[in-house]
Amino acid sequence: MCGWCCCLECIHNIPPLNLLFLHFSSAPRTGRDGEGARTLSPMASISVPDPASSPTEDAENIRKAVQGWGTDENALIEILGHRTAAQRAEIAVAYEGLYDKPLLRTLQDELSSHFKGAMTLWTMDPAARDAKLAYKALRKKGGDRHAWVLIEVACASSPDHLVAVRKAYCSAYDSSLEEDVAACPLYKEPLKQFLVRLVSSYRDGGDHVDGELARAEAAELHGAVAAKKQPLHGDVVRIVSSRSKPQLKATFQHYKREHGKAIDEVLEGNRNDKLSAMLKTAVWCLTSPEKHFAEVIRSSIIGLGTDEESLTRAIVSRAEVDLKKVKEEYKVRYKTTVTKDVVGDTSGYYQGILLTLIGAE
């Protein structure tokens, strides 16, 4: 099986540039005068120069880095590792316009091993990246943790981002994400139906919370999860897959207030129940994604060998979102830092790009 979105087959399946970067058209522009840095999430961990070089200048410097005898990997890290998604999109457009070759194809040809995987994954459009991750997850055998990717894509980002992922998935693979999840032989009911509902949902993005509904649905959740021991009961699936994040937070607060224990603590207590583990992952991704991604990073490092795919996915996907919060959670829970653990378990240019995305600690 190929690595992180960097084999030739995967490169061919990436949508054309006009689709790949479509969702940036309504977002704030890259701000080569400093706007890009200001539009970053306050919890993003990457640093962006102010002002940054123009897309054309960045493209030309990338070309210099990959020409001649050997590749200047540090130059690639310095350029791409310090640009926002919107800026990387413009660099990719400029690069292909100047040299008639996709930037991702150039990275595929010039880089190797886990460094190539991290750089190509980071350089991709975020929606196309998540579509590719979901596509890969639906074809990986061995372990329910591959379902984590689908839950992350569905629950750890905004409703609009999930719509963009579904569009990118359909464009790349000529099928819908929800149809492929429904047809996937790796997942059985009721987990399959839960995943289908999650990836096909569109949550209300408003802040309105219905207190009475939160109280009633907290009781429904308790009845299914604690009393009936059915973590993916139909009522649970309906509530978790359809309610807005503010509404769910209110529901989970009522749950803890009424029953003396948070719902994720109840689910974590059912350590041998895979369905409880999946519901806990969804609860965390919806309300406290930093808890989930701290666990992904830790589990990818601890034990025999390093799970570079999971480590890369967690750092790359959260670097522009909330990796600062993930680092804080990691330090509190594991009494060490993400930086220290990454330094201890990785090396070379692969370590270099991860540390660049992680930022200062």
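Counting from 1, the numbers follow the sequence of the chain as shown. Values below: all heavy atoms of this structure, side chains included; hydrogens, waters and symmetry mates excluded. Because the structure is a prediction, the values reported are computed rather than measured.
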CD on E152 to CZ on R318, rounded to 0.5 Å: 8.0 Å
Atom NZ of K101 with >12 non-hydrogen neighbours under 6.0 angstrom: yes
Heavy-atom check, side chain of K291 versus side chain of D264, under 4.5 Å: yes
Parallel, tilted or perpendicular: rings of Y349 and F115 (30°, 60°): tilted
side-chain contact (heavy atoms from CB on, under 4.5 Å) evaluation trace for C155 with L198: CA-CA 7 Å; C155 301; L198 289 180; 3.8 Å; yes
H82 side-chain N/O to S47 backbone N/O, donor-acceptor pair under 3.5 Å: yes
Side-chain donor-acceptor pair present, S176, E179, cut-off under 3.5 Å: yes
Minimal non-hydrogen separation, E320 against I46, with atom names: CG-CD1, 3.8 Å
Donor-acceptor contact present, side-chain Q351 to main-chain T346, <3.5 Å: yes
K140/E309 salt bridge by N-O under 4.0 Å criterion: yes
Test item: E329 side-chain N/O and R333 main-chain N/O as donor-acceptor pair under 3.5 Å: no
Point-to-point distance, once rounded to the nearest 0.5 Å, from OG1 of T306 to CG of D345: 3.5 Å
Chi angles and distances behind the side-chain contact (heavy atoms from CB on, under 4.5 Å) call for E110, M119: CA-CA 11 Å; E110 298 295 333; M119 287 295 287; over 6 Å; no
Any donor-acceptor N or O pair under 3.5 Å, side chains D180, Y169: yes
Closest contact, heavy atoms only, A118 versus I353: CB-CG2, 3.9 Å
same_hphob_cluster(V266, V236) at 4.5 Å side-chain heavy-atom cutoff: yes
Within-4.5 Å side-chain heavy-atom neighbours: Y334 and D341: no
Main-chain N/O of L357 paired with S45 side-chain donor or acceptor, under 3.5 Å: yes
Main-chain N/O of A277 paired with T281 side-chain donor or acceptor, under 3.5 Å: yes
From I91 atom CD1 to I62 atom CD1, the distance as rounded to the nearest 0.5 Å: 5.0 Å
Close side-chain approach of P190 and L275, heavy atoms under 4.5 Å: yes
C184 backbone acceptor or donor facing K192 side chain under 3.5 Å: yes
ILVMFWY network linking I79 to L40, side-chain heavy atoms under 4.5 angstrom: yes
Worked check of side-chain contact (heavy atoms from CB on, under 4.5 Å) between L355 and I358: CA-CA 5 Å; L355 294 180; I358 291 168; 4.2 Å; yes
Residue pair E212, R215: steps toward the salt bridge (Lys or Arg N to Asp or Glu O under 4.0 Å) verdict: CA-CA 5 Å; E212 288 302 316; R215 186 176 294 107; 2.9 Å; yes
Distance in Å, F293 CZ paired with K325 NZ, rounded so as to fall on 0.5 Å steps: 12.5 Å
Check: K274 and M278 side chains under 4.5 Å, non-hydrogen atoms: no
Same apolar cluster (I L V M F W Y, side chains within < 4.5 Å links), V48/M43: no
Heavy-atom pair with the smallest gap, counting every atom of L221 and Y255: C-CE1, 4.0 Å
Close side-chain approach of L354 to E308, heavy-atom, < 4.5 Å: no
Donor-acceptor side-chain pairing of T312 and Y350 below 3.5 angstrom: yes
Heavy-atom donor-acceptor pair, R83 side chain to R88 backbone, under 3.5 Å: no
Heavy-atom pair with the smallest gap, counting every atom of P159 and Y202: CB-CE1, 3.5 Å
Same apolar cluster (I L V M F W Y, side chains within < 4.5 Å links), W284/I263: no
Cluster check I151, V163: I/L/V/M/F/W/Y, side chain < 4.5 angstrom: no
Intermediate values then yes/no, side-chain contact (heavy atoms from CB on, under 4.5 Å), E220 and I239: CA-CA 9 Å; E220 289 184 65; I239 294 167; 4.2 Å; yes
Working for salt bridge (Lys or Arg N to Asp or Glu O under 4.0 Å), residues K280 and E295: CA-CA 12 Å; K280 186 202 78 171; E295 184 173 287; 3.5 Å; yes
Point-to-point distance, once rounded to the nearest 0.5 Å, from OG of S242 to CZ of R197: 6.5 Å
Backbone N/O of R203 and side chain of S201: donor-acceptor pair under 3.5 Å: no
Nearest non-hydrogen partners of H233 and D235, listed with the distance: ND1-N, 3.0 Å
Flag if over 12 foreign heavy atoms under 6.0 Å of NZ, K245: yes
Rounded distance (nearest 0.5 Å) linking atom CD of Q247 with atom CG of D204: 9.5 Å
Among L133, L104, L103, the one residue meeting side-chain contact (heavy atoms from CB on, under 4.5 Å) with M124: L104
Side-chain donor/acceptor of E217 to backbone N/O of T251, under 3.5 Å: no
Closest approach of E178 to V196 (non-hydrogen atoms, all atoms of both residues): O-CG2, 4.2 Å
Check: D210 side chain, L213 main-chain N or O, donor-acceptor pair, under 3.5 Å: yes
Min side-chain heavy-atom separation T56-L98 under 4.5 Å: yes
Option among K331, E361, K327 that satisfies the side chain to side chain donor-acceptor pair (under 3.5 Å) test with T339: E361
